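All residue numbers in this chain count up from 1 along the given sequence. Bear in mind that the values here come from a model prediction, so they are computed numbers and not experimental data.
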Amino acid sequence: GVADEEVLTAALWHDALEDSRLTRAFLEFQFGPNLAGIVDRLSKSNVWVTRYCKAKGAADHLESGLEQSPQAAVIKIADRLHNVITIHGFAPTKQAVYLRETEQFLLPLFRRWLNDERLRPYRQSMQRLIERLEAEIVKQRTQECL
């Protein structure tokens, strides 16, 4: 549901800063400061050690920058949906932790974002992604029980 070229480009590069040696300066040079800012908002800090702290730190970083990069919110939700859909690539223990983290921590945050006026242009897309994410979690939980 998103046709904005900058959002789609940022979505393609969303893990570049944390999974490679690329820098924000490189992204700024290639795509401009706005896209680099979106990708930066989606990048986790290497400071935190535990999964919870990494997730909490990343969410806080993202939320604090919604004013400058509201597009990052819709990308974050879509990325989490993709990761839940492809969760079978994770070890079984990581799958359980990932689903629990999504349900307990991220879904409430994503739902709260639906009421954030800064995200109004993305509300419809976000709502659809959240609904798909919730359905996918139910599907994964059902498969766990089989």
Side-chain angles (χ1 to χ4, degrees), residues 1-24 26-27 31 34-146:
V2 175
D4 182 318
E5 188 174 315
E6 187 171 56
V7 173
L8 297 173
T9 303
L12 290 172
W13 288 92
H14 78 277
D15 280 337
L17 297 181
E18 62 188 67
D19 291 349
S20 75
R21 297 173 74 182
L22 292 178
T23 64
R24 180 180 172 144
F26 170 81
L27 292 176
F31 304 106
N34 196 47
L35 185 132
I38 296 167
V39 174
D40 183 57
R41 287 288 155 214
L42 293 162
S43 300
K44 295 180 187 110
S45 169
N46 292 331
V47 172
W48 304 110
V49 178
T50 66
R51 277 190 59 79
Y52 174 81
C53 288
K54 284 180 183 178
K56 176 78 169 107
D60 289 349
H61 177 66
L62 181 61
E63 198 157 23
S64 71
L66 287 179
E67 192 72 42
Q68 296 84 18
S69 305
Q71 308 90 327
V74 72
I75 296 169
K76 179 65 178 174
I77 299 167
D79 181 43
R80 184 52 64 137
L81 172 61
H82 176 262
N83 291 347
V84 170
I85 289 170
T86 59
I87 200 165
H88 298 293
F90 296 169
T93 53
K94 184 176 179 182
Q95 290 178 26
V97 169
Y98 200 83
L99 289 174
R100 187 170 48 252
E101 177 184 273
T102 302
E103 289 174 305
Q104 294 176 350
F105 183 65
L106 290 174
L107 274 174
L109 175 66
F110 295 163
R111 288 186 197 110
R112 192 170 68 244
W113 285 350
L114 290 173
N115 297 317
D116 190 317
E117 281 304 307
R118 297 171 294 188
L119 302 174
R120 179 193 245 179
Y122 305 100
R123 191 172 288 148
Q124 189 174 17
S125 296
M126 290 168 53
Q127 180 67 48
R128 282 196 307 267
L129 288 166
I130 291 168
E131 288 168 4
R132 288 187 60 202
L133 178 58
E134 291 167 334
E136 190 62 34
I137 289 170
V138 169
K139 178 181 169 185
Q140 297 297 340
R141 292 284 187 213
T142 303
Q143 290 177 353
E144 279 180 359
C145 297
L146 298 178

Novice: Would you compute the distance between atom CG of L109 and atom CG of L114 and round it to the nearest 0.5 angstrom?
Specialist: 10.0 Å
Novice: Would you say the side chain of T93 lies within less than 4.5 Å of the side chain of V97, judging by non-hydrogen atoms?
Specialist: no
Novice: Once rounded to the nearest 0.5 Å, what's the spacing between atom CD1 of I87 and atom NE2 of H82?
Specialist: 12.0 Å
Novice: List in chain and number order the residues that pass salt bridge (charged side-chain N to carboxylate O under 4.0 Å, His left out) with E103, two or more places apart in sequence or in another chain; answer none if no residue qualifies.
Specialist: R141
Novice: Can you find a pair of side-chain heavy atoms, one from W13 and one from L22, that are under 4.5 Å apart?
Specialist: yes
Novice: Only counting residues at least two apart or in another chain, list the ones meeting ring-ring contact (aromatic ring centres under 6.0 Å, His included) with Y122.
Specialist: none
Novice: Just one of L119, V7, V2 clears the side-chain contact (heavy atoms from CB on, under 4.5 Å) bar with Q71, so which one?
Specialist: V7
Novice: Any side-chain heavy atom of R80 within less than 4.5 Å of one from V84?
Specialist: yes
Novice: Rounded to the nearest 0.5 Å, what separation is found between the CG atom of L27 and the CG atom of L17?
Specialist: 5.0 Å
Novice: Q140 versus H88: any side-chain heavy-atom pair under 4.5 Å?
Specialist: yes
Novice: Any chance you could measure L106, atom CG, to L99, atom CG, to the nearest 0.5 Å?
Specialist: 11.5 Å
Novice: What is the minimum heavy-atom distance between A10 and I38, and which atoms define it?
Specialist: CB-CG2, 3.6 Å
Novice: Is the count of non-hydrogen atoms from other residues, nucleotides or ligands lying under 6.0 Å from R132 atom CZ greater than 12?
Specialist: no
Novice: Roughly how far, to the nearest 0.5 Å, is CD1 of I77 from CD1 of I130?
Specialist: 4.0 Å
Novice: Counting C-beta onward and ignoring hydrogens, is there a side-chain heavy-atom pair between L42 and D79 closer than 4.5 Å?
Specialist: no
Novice: Side chain to side chain contact (heavy atoms under 4.5 Å, CB included) for L107 and I137? Distances and angles first, verdict last.
Specialist: CA-CA 11 Å; L107 274 174; I137 289 170; 3.7 Å; yes
Novice: Counting neighbours of CZ on R120 that are heavy atoms of other residues, nucleotides or ligands and sit closer than 6.0 Å, is the number greater than 12?
Specialist: no
Novice: To the nearest 0.5 Å, what is the distance between NZ (K76) and CZ (R41)?
Specialist: 13.5 Å
Novice: Quick one: do the E6 and N34 side chains pair a donor with an acceptor below 3.5 Å?
Specialist: yes
Novice: Is it true that, when you exclude E117 itself, more than 12 heavy atoms of the residues, nucleotides or ligands shown sit nearer than 6.0 Å to its CD?
Specialist: yes
Novice: Which heavy-atom pair separates L35 from F31 by the least distance, and what is that distance?
Specialist: CD2-CB, 3.6 Å
